[in-house]
Amino acid sequence: MPTSWRRTPEEFHKIYVSNTEAFYRVAGRSTAAELDEFMLKCALGLWKRAGAVTQEHVEAANQLYSRGRKAGEWLLWDLTSAVCNAADALPPMFFWSLADRDRREGRDCSRVFVRMVTNILLHLAAVDDDVSMAEAEYITDCADRLSAVCDSAGVKPSKGALNAADFVTSGEPSFLDKHPPSAAAAPGGSRDGDGASRAEAEAEAESAAGAGEKPSLEALMAELDGLIGLEEVKRDVKSMVNLMKVRRLRESNGLPVPPMSLHLVFTGNPGTGKTTVARLLGGLYAAIGVLEKGQLIEVDRSGLVAGYVGQTALKTQEVIKSALGGVLFIDEAYSLASGGENDFGREAIDTLLKAMEDHRDELVVIVAGYDGPMEKFLGSNPGLESRFNKYIHFPDYTGEELMRMFLLQCEKNGYKLAPESREKAEGLFLRLYEQRDGNFGNGRTVRNLFEDAVVRQSNRVAALDSPGREELMTLLPEDLGLEETE
C-alpha cells in the first residue's frame, strides 16, 4: 500500500473507472447503472464506520460513476444524513445472475467483481488518508457476502484476493460512535418512500438520467402509474402536469396565462411515498419544459439551519442554489418554526420565501410532514400561506398494499416467500394496518421487516451444510418472526 492514498477527485475518478472498466471488459456494460448504485450503497455503509464525514468523502461520492454516466451532486450535510441512515448493501440482482452464468460457462467474472469492489472500497476508506479497523471489517464483510454468492453458484475460487485488514492505519472510532443519529432519523433508511431508502432513491434518479439524458414523459408516467396505491395522489400529479402542458401551449400561441404557484404541500405519515412522488414530479416538469433539470434536493431542518447567527441564511442559500432548475423537498418542514421567535429556523424560512419569489420560474419547493403540524406551520407566517396553495395528502398504505411492497422488496433483492410464509405475512400486514397508531411507519415498516427477515434467514442458513440456491433465496415463517405470533 502506498504511504498515502489521498487522491484528488480527478485521480479518484480515474481509479474508479479503471476498476469498473476492467470488470466491464469481462462481463459487459449492461450493468453500469446497477453497479454504480451498488457501489454508492457500499460507500455509505463504509463511511458509517469511518471516523468522520468530511469534504473528501463528498468529493469521492461525486466520482462514483462509470464512464459515460453522470457525476453525483452531493453536499456535505446530504452525505452526512445518508451515511447516518445507511444500511448494509445486499448483493445486487445482476450479481446473482452473473455468478450463475459463470457456473454454466466455466468463467469467473463474478470473482472479478468481488476483487473490483474490494479495491474500490479500500480507496474509499482511505479518502481521508486513514483506514480504521471498523472500515476494514466492513470491506471484508462485503467481500465475504459477495463471495458466498459465488460459492453457492459453484464458481471456481479466486486467487490473490485482497485482505482489507492489511491496510488498517488507525483505530479511530466510527462516525456514528461519535455522532449518533437523532431520534427523528428513520432507522435503516429515509423518513419517507415506499420501502426504499433515500440513497436508493437518489441512485435511481441518477440511473434514470443515464448518460445525461432526461427520462421521457412516457417513462416517468409509467413509473408513476407503477407505484403501489396512492391513486388520488397519482390523479393530482397527472392533473398538475396536464395543467402545465396547457399553460405552455397557451404561452407558445401568444395567449395569456394567469399567475400560478408551483410550490406544494405534501401531508401524511412517514413512509407514504412523498419523497418518491416529489422526485417523479421534478422529472415530469423537466420532461415538459417547466423545469430545466428536474433534480430533487431533499433536506430537513438540519440541512438548512446552522448553529450561529448569520450562517443559516448562507447554508439555506447554498441548498437553494443546488436545487435551482429542480425541486427542493423539505421534510418535516414544521420543525423550522418550532423553536420560537429567536430560533434560527425563522431565518431559514425568510430566506426560502425570498428565493421562492426570486426564482419562481426555476424552482419548485415542496414542504412535507404530518397533517396537523403542517397546518400550524403554514399558518405561522402569512408569506407561507400565500406561496403554498396546493395540498396533496398521502394516505396510509392498506394491508394489501404493504404486502405488495414486501413482495417487491423480496423480488428486487433475490428472495422469495415459501407458500406458508406468504399466507402468514398477508395476515401480519393486515393486522399492522388495522392496529396502526400515530407512529405507524408504512413503507419504512415494510423495509425494516424485510431487513430483519434477511438477518434471521442469514443466521439460519449459515448453520446449514452447503446450502443451495433455493435455500439462500427462500424466507420461511421463522425468518419473518411469524412463529412468535401463532
Side-chain angles (χ1 to χ4, degrees), residues 53-55 58 61-62 72-85 179 181-182 184-185 190-192 198 201-202 205 261-266 274-275 278-279 281-282 285 291-369 373-374 376-389:
V53 178
T54 66
Q55 189 60 35
V58 174
N62 287 331
E73 297 179 344
W74 288 96
L75 299 172
L76 180 57
W77 45 84
D78 282 338
L79 186 65
T80 301
S81 176
V83 165
C84 285
N85 293 327
H179 306 284
S182 65
S190 67
R191 306 170 201 266
D192 206 359
R198 178 181 168 201
E202 289 173 344
S261 171
L262 298 178
H263 310 301
L264 298 164
V265 180
F266 284 2
K274 296 188 288 294
T275 305
R279 175 179 62 82
L281 184 62
Y285 276 175
L291 293 173
E292 180 182 357
K293 294 182 288 186
Q295 80 278 16
L296 176 72
I297 302 298
E298 179 188 357
V299 295
D300 56 13
R301 176 187 168 92
S302 65
L304 299 172
V305 178
Y308 301 96
V309 175
Q311 290 189 338
T312 291
L314 295 175
K315 190 173 184 179
T316 303
Q317 287 167 3
E318 186 174 350
V319 172
I320 291 167
K321 182 179 178 181
S322 70
L324 292 180
V327 174
L328 175 58
F329 181 88
I330 307 174
D331 195 19
E332 297 182 357
Y334 45 79
S335 63
L336 293 173
S338 61
E341 289 298 325
N342 296 321
D343 183 71
F344 294 138
R346 302 282 176 173
E347 185 179 354
I349 293 174
D350 292 340
T351 305
L352 280 168
L353 290 175
K354 185 177 186 305
M356 290 165 68
E357 183 65 26
D358 294 344
H359 304 286
R360 66 177 71 182
D361 295 325
E362 54 180 340
L363 175 68
V364 174
V365 177
I366 300 177
V367 292
M374 287 303 296
K376 293 180 180 178
F377 166 65
L378 295 169
S380 68
N381 187 309
L384 289 171
E385 281 189 309
S386 65
R387 286 172 175 82
F388 293 99
N389 53 22

Heavy-atom pair with the smallest gap, counting every atom of F344 and A306: CD1-O, 3.2 Å
W74 to A61 - nearest heavy-atom pair and separation: CD1-CB, 3.7 Å
D300 (side chain) donor-acceptor with D331 (main chain) under 3.5 angstrom: no
Exercise: identify the closest heavy-atom pair between A278 and V327: O-CG2, 4.3 Å
Value rounded to 0.5 Å, distance of CD in E298 from OG1 in T275: 4.0 Å
Chi angles and distances behind the salt bridge (Lys or Arg N to Asp or Glu O under 4.0 Å) call for R346, D350: CA-CA 6 Å; R346 302 282 176 173; D350 292 340; over 6 Å; no
Taking every non-hydrogen atom, the tightest pair across M356 and F388: CE-CZ, 3.4 Å
Distance, nearest 0.5 Å, that separates OG1 of T312 from CD1 of I349: 11.0 Å
CG on L262 to CZ on R387, rounded to 0.5 Å: 13.5 Å
Nearest-0.5 Å distance that lies between atom CG in D361 and atom CG in L324: 11.5 Å
Backbone N/O of A313 and side chain of E347: donor-acceptor pair under 3.5 Å: yes
Spacing of CG belonging to L296 relative to CG belonging to L281, to within rounding of 0.5 Å: 10.0 Å
Rounded distance (nearest 0.5 Å) linking atom CD of Q55 with atom CG of L79: 9.0 Å
Student check: side-chain heavy atoms of V305 and K315 closer than 4.5 Å: no
Side-chain touch L353/T351, heavy atoms, less than 4.5 angstrom: no
